[in-house]
S.K.: 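Sharing a structure with you now.
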Amino acid sequence: MYQAVRNKNKAAEVIVHPRVSAVISGNKKWTQRDRHVHKIRTDGVYEWRRESGYYRQSKVENTFYLYKTTIGRKLRARTEQGREVEAKIGC
C-alpha cells in the first residue's frame with residue numbers, strides 16, 4: 001500500500017497504520033512504514049490511531065449510522081418542506 005501511494009504522489013503520506021504485529025524492515029534507512037511501526041511499538045496503537053484522525057473518522061461514521069437507524073434509509077415526507085423538517089428532527 002505504501003508503494004502504491006508513493007507511485008501516485010511522492011509527497012503523500014499514508015495515515016493507515018500497519019498491523020500491530022508488523023515488524024520494522026531492517027533497512028539502514030527507515031521508511032515511513034518503519035516509523036509508523038516504531039511509533040505503534042513505543043506509544044501503542046491507540047495513541048497512533050488518535051493522532052492519525054482514526055477516531056474522528058469513526059465518530060462521523062457512527063453518527064451517520066445512528067442517523068440512518070433513527071430516520072431510516074430514506075425520508076418519508078412527500079413534500080420538500082416536509083423532508084426538510086424530517087431531516088432536522090432526525091438530526
S.K.: So, Asn9 side chain and Ala11 main chain: donor-acceptor pair closer than 3.5 Å or not?
M.R.: yes
S.K.: Can you name the one residue among Arg33, Gln32, His38 that meets side chain to side chain contact (heavy atoms under 4.5 Å, CB included) with Arg35?
M.R.: Gln32
S.K.: Can Gln3 and Arg6 be counted as having a side-chain donor-acceptor contact under 3.5 angstrom?
M.R.: yes
S.K.: Sequence neighbours excluded and cut-off under 3.5 Å, please list the side-chain donor-acceptor pairs for residues 84-91, or say none.
M.R.:
residue : atom : partner : partner atom : Å
Glu86   : OE1  : Arg76   : N            : 3.0
Glu86   : OE1  : Ala77   : N            : 2.9
Glu86   : OE2  : Arg76   : N            : 3.1

S.K.: List, by chain and then residue number, the residues other than Ile24 in its hydrophobic cluster (Ile/Leu/Val/Met/Phe/Trp/Tyr, side-chain heavy atoms under 4.5 Å); write none if there are no others.
M.R.: Trp30, Val37
S.K.: With a 6.0 Å cut-off (strictly less than), is the heavy-atom count around CD of Gln81, excluding the residue itself, greater than 12?
M.R.: no
S.K.: Show the nearest heavy-atom pair for residues Arg83 and Arg78, with the distance to one decimal.
M.R.: NH1-O, 3.0 Å
